[in-house]
Protein chains: 2
Amino acid sequence: MTEIERTAPAGSNITADDVAAEAGVSRWTVNRAFKKDASISAKSREKVMRAAERLGYVPDLRAASLASDRSHLVALLVDDFANPHKLVMLETLTRVLRRAGWDTLLVNTLDKEDAGSALINASQRRVDAVILIGIQFDDEVLKTAAHARRFRKLIIFARTSQSPDTISIAVDDVKAMQDIAGYVAKRGYRRPMFLAGPRTSSAHLKRKETFMAFWQERFGTVPDCASVAAYDPQLAAEVVTAELGGRGRSELPDILVCENDALAIGAMDVIRHRLGWRIPGDIAVIGFDDIPPAGGLNYQLSSYRQPVAEMAEYLVEVLESREDRDFTRLFEGGIVPRDSA
Amino acid sequence: MTEIERTAPAGSNITADDVAAEAGVSRWTVNRAFKKDASISAKSREKVMRAAERLGYVPDLRAASLASDRSHLVALLVDDFANPHKLVMLETLTRVLRRAGWDTLLVNTLDKEDAGSALINASQRRVDAVILIGIQFDDEVLKTAAHARRFRKLIIFARTSQSPDTISIAVDDVKAMQDIAGYVAKRGYRRPMFLAGPRTSSAHLKRKETFMAFWQERFGTVPDCASVAAYDPQLAAEVVTAELGGRGRSELPDILVCENDALAIGAMDVIRHRLGWRIPGDIAVIGFDDIPPAGGLNYQLSSYRQPVAEMAEYLVEVLESREDRDFTRLFEGGIVPRDSA
DNA sequence: AGACTTTTTGCACCCGTGAGCAAATTTTCT
DNA sequence: AGAAAATTTGCTCACGGGTGCAAAAAGTCT
């Protein structure tokens, strides 16, 4: 190796020491140059940055994280990839987090048993926080999490949980579902059927309960109800076929209130193409989440939009705050009326 | 702090030293216990694991990565969240990678200008490889990548690139499109129109060119062609409206060959609901990727399925191999015929 | 049992950076 | 100019674990 070698040979390891030598300062000055709000003169920073540029140096975040005990890294645990809404959430979260200087580890929680090992996975990378956006995180899993916990914050996003040591950032499901129920009633529907998703003990959506309670109180009747094992349009299609197939028009509910759009879309497909009814003529449909296809020409699905971006911004605030007590922060969205109901 | 403190107080930092003390061995024996294929007796491993369990110890992968220069971490750069196929790819990749012991950093490349800084981002985490699954990575970006490169491998997934130092893992677009063109011809369609996605200089899909060439050679005519600025159903809808709106039935192409399903689905929506034609009666549609809704009741879209899981398995092989020359590995999928064409 | 081979264990040194303090330098004020 | 205050810089020690070798322990053979 000659001394002339200046430009970074691809793959080599330029460290702060190399830059320090090049710039004629100490290693610590180099590190300070890369740190915002560090105590360093504009002149030396400039000098360092120039040298770093020449050598192709970027600080090693592993070492930084090791030394400072802050990784600026979060783990996103996801298990529910059949729901198109997940793509929206992933996009929003990664965008907002990255803008704020946070990196995201995407962990696919393969199945329920796997949730625990996914948490250990995250622990080993020493993430600052774990964010759960999935459905199969029950109390048991969360308890495991609390045990082997090597991260400061456990955040449930877009869902609320009663578990201790857990932060929830979600839409106010009760308020939202009351809005929907009110909308359904006001539009004159009187024989609703509720299409629910899977039930988990923790991190529960209170949508079904709220709707049922509302309806019973208002009209004294208990609506029909069906449940789907996952937020998957195809599964929803099967359930709706089983429920509504063979019914005459008069036996049909007048509206299908769905726990979210993934279910609603599967239901709409069945209603139109397998059962041959028209929407909203024969039966109306309303969903939740306002996923992209809901606004498309084909579905024109009335839905409820969560302020996902706003929730993500708040998530960043939570990550950046020092305190780590548990709490729940609720947001409010709004109904997006379209043709389907 | 008393000496009685045994169980890990949540958030504290148990290190290999602590476990070593607890198990009555040296720190290195502890680390060996956690390393597969390490030179350690079954007895001491057992002893160590028991102690680790008691204290709630898990090895720190930051430190491991720092010391060994292997992070077992990859960065996934994604920019194209409007395409539902991305969700499938994300699911498959994260699942397969995790099974093989690799963690995934999901980086949302906000826009074209941002691609460079996304790469630096990944570099700072010292990932072992960067995987690109997006559309806006042009030669310039890739050149930047090659420059500031702190990772061993740059892999373009589900797309091919001519860039040097770049590994491509993709479906054989030429072969695939020839299959599709053959299928279209055999089904008797004679006035196709091609709906293409955005063009990028590098990492190009050769689908359009292949289809055009095939058709010209076979029938001597050059099919109509339209182009959409992103793989987004909504954008596709606009383009198709502009192209086909106002045409009479006889002026219509008899089939719309789409570069992928995201475009096809947007096109189908317009054709049915805005233009009022029937599929495949008035105009047929064929896509690419076989995204979930393609198989749903509503679309029943004929498409081409890529062996994504198989490609992901191969990706793992590439990650695990030592050599880092550039090459391209092509896979073969197959047409999934449905009602739309 | 003694000599030799194989397995297991311990150790020095290194990976690249941060926190916090003391020394050096610059700026400000009288 | 000289002293005090403010800013900048360098340094020690620490973060947690991997590499490769040497010492120790265990197993094998005659």
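Naming convention: chains lettered A, B, ... in sequence-line order (proteins, then strands); numbering from 1 in each chain.
- A:T104 contributes no side-chain N or O that, together with a main-chain N or O of A:V74, makes up a donor-acceptor pair within less than 3.5 Å.
- Checked by distance alone, A:R32 brings a side-chain donor or acceptor within 3.5 Å of a matching partner on the base of D:dG10.
- Between A:D17 atom CG and C:dT17 atom C1' the separation is 10 Å, expressed in whole Å.
- A:S39 comes within contact range of at least one nucleobase, with a heavy-atom separation under 4.0 Å.
- One finds no side-chain N or O of B:K47 lying less than 4.0 angstrom from the OP1 or OP2 phosphate oxygen of C:dT9.
- For the pair B:N13 and D:dC15, the criterion of a side-chain N or O lying under 4.0 Å from OP1 or OP2 is not met.
- For C:dG18, the base has a donor-acceptor partner in the side chain of A:R27 [N/O atoms by modelled type, under 3.5 angstrom].
- Nearest nucleotide to the side chain of B:P59, out of C:dT9, D:dG17, D:dG10: D:dG17.
- Of the candidates D:dT9, D:dC15, D:dG17, D:dC15 carries the atom nearest the A:A67 side chain, counting heavy atoms from C-beta on.
- At whole-Å resolution of the value, CG in B:N31 and C1' in C:dC14 are 14 Å apart.
- Side-chain N/O atoms of A:T29 include one lying less than 4.0 angstrom from OP1 or OP2 on D:dG10.
- Under the 3.5 Å distance criterion, with hydrogens and angles disregarded, no donor-acceptor pair is assigned to the side chains of B:S71 and B:R126.
- Nearest nucleotide to the B:S68 side chain, out of D:dG17, D:dG18, D:dG10: D:dG18.
- Summary of the strand contacts: B:S44 and A:L61 both lie near DNA chain C, and taking for each the nucleotide with the nearest heavy atom, the more 5' one is attributed to B:S44.
- Straight-line distance from the CG atom of B:D69 to the P atom of C:dC13: 22 Å, rounded to whole Å.
- Along DNA chain D, the nucleotide nearest B:K35 and the nucleotide nearest B:A63 are compared for position; the residue whose nucleotide lies closer to the 5' end is B:A63.
- If you measure from atom CZ of A:R70 to atom C1' of C:dA19, you get 13 Å, rounded to the nearest angstrom.
- Distance B:R126 CZ to D:dG18 P: 19 Å, rounded to the nearest Å.
- The nearest whole Å value for the distance from the CD1 atom in B:I40 to the C1' atom in C:dG10 is 12 Å.
- Put simply, the side chain of B:R62 and the base of C:dG16 share no donor and acceptor less than 3.5 Å apart.
- Stacking of B:R329 on the aromatic ring of B:F331 is recorded, both the 6.0 Å distance cut-off and the 45° axial limit being met.
- Within 4.0 Å (heavy atoms only), B:Y57 reaches sugar-phosphate atoms of the nucleic acid but no base atom.
- Checked against C:dA19, D:dC15, C:dT9, the side chain of A:L66 finds its nearest nucleotide in D:dC15.
- Checked by atom type, the side-chain pair B:N108/A:T94 shows a donor-acceptor distance below 3.5 Å.
- Formation of a donor-acceptor pair under 3.5 Å by the B:K47 side chain with backbone atoms of B:G24 is not found in this model.
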Practice item. Please test A:R125 against A:D103 for salt bridge (charged side-chain N to carboxylate O under 4.0 Å, His left out), starting from the C-alpha separation and ending with a verdict. Key: CA-CA 12 Å; A:R125 296 279 174 196; A:D103 285 332; over 6 Å; no
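- Remark: P of D:dG17 and CZ of B:F34 are 9 Å apart, rounded to the nearest angstrom.
- Of the candidate nucleotides C:dT17, D:dG18, D:dT8, D:dG18 has the atom nearest to the side chain of B:A64.
- What separates NE2 of B:H72 from C1' of D:dG18 is a distance of 14 Å, to the nearest Å.
- Contact between the side-chain N/O atoms of A:S26 and the OP1/OP2 oxygens of D:dG10 is found at a separation under 4.0 Å.
- Within 4.0 Å (heavy atoms only), A:S65 reaches no atom of the nucleic acid at all.
- Donor-acceptor pairing under 3.5 Å, judged by distance alone, is present between the side chain of B:W28 and the base of D:dT19.
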